[in-house]
Protein chains: 2
Amino acid sequence: MTKRPADPANGSAPAARQVPMRDFSRSLPMSLLRAREAVMRQFRPSLREHGLTEQQWRILRALAAIEAAEVTELARTAFLLGPSLSRILRDLEGRNLIERKTAKADQRRSMVSISKEGVKLMASVAPTSEAIYAEITRRFGARKLAELQDMLGELEQSLAGLGASEEASAEE
Amino acid sequence: MTKRPADPANGSAPAARQVPMRDFSRSLPMSLLRAREAVMRQFRPSLREHGLTEQQWRILRALAAIEAAEVTELARTAFLLGPSLSRILRDLEGRNLIERKTAKADQRRSMVSISKEGVKLMASVAPTSEAIYAEITRRFGARKLAELQDMLGELEQSLAGLGASEEASAEE
DNA sequence: CGCATTCACTTAACATGTTAAGTATCTCCG
DNA sequence: CGGAGATACTTAACATGTTAAGTGAATGCG
C-alpha cells in the first residue's frame, strides 16, 4: 500500500512535522558520509582480496611513509583512535606485518615500524589501489578533485577548536 | 607542528620507500573522513546528552520526515546497512521511541514510525542541533557550504555504478 | 498445486568507533 | 627521595560497520 517515492528530489512533503529541520538528505554529515562511502566502495574489494581492512591499510601506508613512529603519532597520522589502533596493531603484529619495540629512553613508548612482509604486501596492493584512484580522478576530474580537497581542508580548519572546552583561557 | 623525535641512529632522510604512492594525508577518503569527523565532533556531545547516538538520531530524523516506512526504505534514507538498522530499531522500540507493525498485505514487511515520545525527544534535541549547524554554516560560509554539497553530490554521481558487477546492459 | 526462487528482514561473527578505566612509566616538585 | 600528577598506552564495554548465513513469507512457473 505504500509506494515509496523513487526520487527523493521533488517535494511530496508528507505531513510536515512540528519540527521542520533541514532536508535530511542534505545535511553536511550525510553528504560527507555518502561521498566517502561511494569512494570506499571502490577500494574495499581489492583490499579484502589481500586480507586487509581499510584501517589496516591506512596504518601500513602511514608506516611506509614515516618509517617508524610511536603509537600516538601513528594514531594521529592514520586518523584512528587509540583503542582502535591498539587492537589493530596487536593483529598486524601477529601477522608479522609490523614490528614493535619499546623505546629505550622511555619505556612507555613503543616504536612501530613496517616489516619486510608488510612492505611486500603493500607492494602487491598498491598498483590496484593506485589504478582505482586514477579512475576516480578521471571520472570526477582532477581539477575538481583538487578543489574538493581544498574545500574539505578549509572546512576542517574553520571548525578547528570549536568542540570541547576550546579556547578562552580561564580553563586551568 | 610535526615534532616527533627523529631517529638519531640513521640520522637524515626518512629513506623513501620503494612504493611511493600519493601523500597519505591527502587521499580523498582521508580528506572526507577528517572533514566529517570535524563536523560530527560538534554534534556528538549534544546528542549524547539526550542519550542518542549519531545513527539513532539519523533514524529519528528520517522517520520524522517520511512519517512511516518499511525497514528497507528506512535503511536507504538513513544510509545504514540492514544489520545495523535491525539492531538499532530493536533498541529504539524498547525505548518506545518508535513503533513497528507488520504490514497486512505482506507479512514480511514491517512499517516503522516514530512515536509520540520520539517526536518529543526530537523536539528537545532539534534546537541545539540547528544552532550548531547554523554556527558551522556561519564559520564556513553558506555559499561555500552549498558549493561543497554540490561537489560531494557530483562525486557520488560520478562513481555511481562502478563497484560490483554492474554494466552488461541496462539495469533498472 | 508444488516447489525452487526471490524477497524482507534478522542473526551471527568479526572489526572498528567511542568513551571510560586501568596500568605502567615518567616528571616534577617539595 | 617520595609521592602526586601527567603520559603513553592498553582493556573494557557498548554501539555500529561489514559480510555471510539464516528464517519466514511471497512469487513464478511447470
Side-chain angles (χ1 to χ4, degrees), chain A residues 1-2 4 29 33-34 36-49 51-59 69-76 78-95 100-112 163-164 172, chain B residues 3-5 29 33-34 36-37 40-49 51-59 69-76 78-95 100-112 163-164 172:
Chain A
M1 62 183 196
T2 315
R4 53 179 195 266
L33 180 58
R34 284 210 288 239
R36 187 175 139 80
E37 177 54 28
V39 173
M40 284 315 302
R41 192 194 311 287
Q42 314 303 320
F43 291 99
R44 261 189 286 267
S46 160
L47 290 177
R48 186 174 178 69
E49 279 178 25
L52 288 175
T53 64
E54 179 196 334
Q55 293 80 355
Q56 292 166 352
W57 176 237
R58 284 222 297 276
I59 292 175
E70 300 168 14
V71 173
T72 300
E73 182 189 359
L74 186 55
R76 190 163 39 76
F79 208 69
L80 291 168
L81 293 178
S84 297
L85 185 52
S86 261
R87 284 178 302 216
I88 301 174
L89 288 180
R90 191 205 312 148
D91 176 73
L92 292 180
E93 190 174 20
R95 292 202 263 163
R100 213 170 354 179
K101 56 176 188 248
T102 55
K104 355 177 193 344
D106 187 337
Q107 296 292 88
R108 293 171 305 179
R109 301 163 196 275
S110 75
M111 300 302 290
V112 185
E172 61 266 19
Chain B
K3 182 55 169 71
R4 71 196 142 87
L33 180 59
R34 286 210 287 237
R36 188 176 138 80
E37 178 54 27
M40 284 315 302
R41 192 193 311 287
Q42 314 304 319
F43 291 99
R44 261 190 284 269
S46 161
L47 290 177
R48 187 173 177 71
E49 280 178 23
L52 289 175
T53 65
E54 179 195 333
Q55 293 81 357
Q56 292 167 352
W57 175 238
R58 284 221 298 275
I59 292 175
E70 299 168 15
V71 173
T72 300
E73 182 189 0
L74 186 54
R76 189 162 41 73
F79 208 69
L80 291 169
L81 293 178
S84 295
L85 186 51
S86 261
R87 284 177 301 213
I88 301 174
L89 288 181
R90 192 204 314 146
D91 176 72
L92 292 180
E93 190 175 19
R95 291 203 264 162
R100 214 168 357 177
K101 56 178 187 244
T102 54
K104 351 178 190 347
D106 188 337
Q107 296 293 88
R108 292 171 306 181
R109 302 166 197 272
S110 75
M111 300 302 291
V112 185
E172 68 280 351

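Between B/Q55 and the options B/I88, B/L85, B/L47, a side-chain contact (heavy atoms from CB on, under 4.5 Å) holds for only B/I88.
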Next item on the list: Go along nucleotides 16-23 of chain D 5' to 3' and tag each nucleotide: B for a protein heavy atom under 4.0 Å from its base, S when only backbone or sugar atoms are that close, - otherwise.
Entry: BBBBB---

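Nearest to the side-chain atoms of A/S110 among the listed nucleotides D/dA25, D/dC9, C/dT10 stands D/dC9.
For B/S86, no side-chain nitrogen or oxygen approaches OP1 or OP2 of C/dT11 to under 4.0 Å.
Looking at B/E37 and B/R44, a side-chain N of the basic residue comes within less than 4.0 Å of a carboxylate O on the acidic one, giving a salt bridge. Look at B/D91 and B/R87 and you find no salt bridge, because none of the NZ, NE, NH1 or NH2 atoms lies under 4.0 Å from a carboxylate O.
One atom, CZ of B/R109, and another, P of C/dT10, lie 13 Å apart when rounded to the nearest Å. Between the C1' atom of D/dT27 and the CD atom of B/Q107 lies a distance of 16 Å, rounded to the nearest Å. For the pair B/K104 NZ and D/dA26 P, the interatomic distance rounds to 13 Å; values are reported in whole Å. Atom pair B/R108:CZ and D/dA26:P shows a separation of 7 Å (rounding to whole Å applied). Atom pair B/L74:CG and C/dC9:P shows a separation of 10 Å (rounding to whole Å applied). Rounded to whole Å, the distance from CZ on A/R76 to P on D/dA8 is 11 Å.
Smallest separation of non-hydrogen atoms from B/A103 and B/M111: CB-CG, 4.5 Å. Nearest heavy-atom pair across B/R58 and B/A78 is NE-O, 2.8 Å.
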Next item on the list: List the steps, then state whether side-chain contact (heavy atoms from CB on, under 4.5 Å) holds for A/R109 with A/T102.
Entry: CA-CA 6 Å; A/R109 301 163 196 275; A/T102 55; over 6 Å; no

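Two residues, B/D106 and A/A103, neighbour DNA chain C, and the one matched to the more 5' nucleotide by heavy-atom proximity is B/D106.
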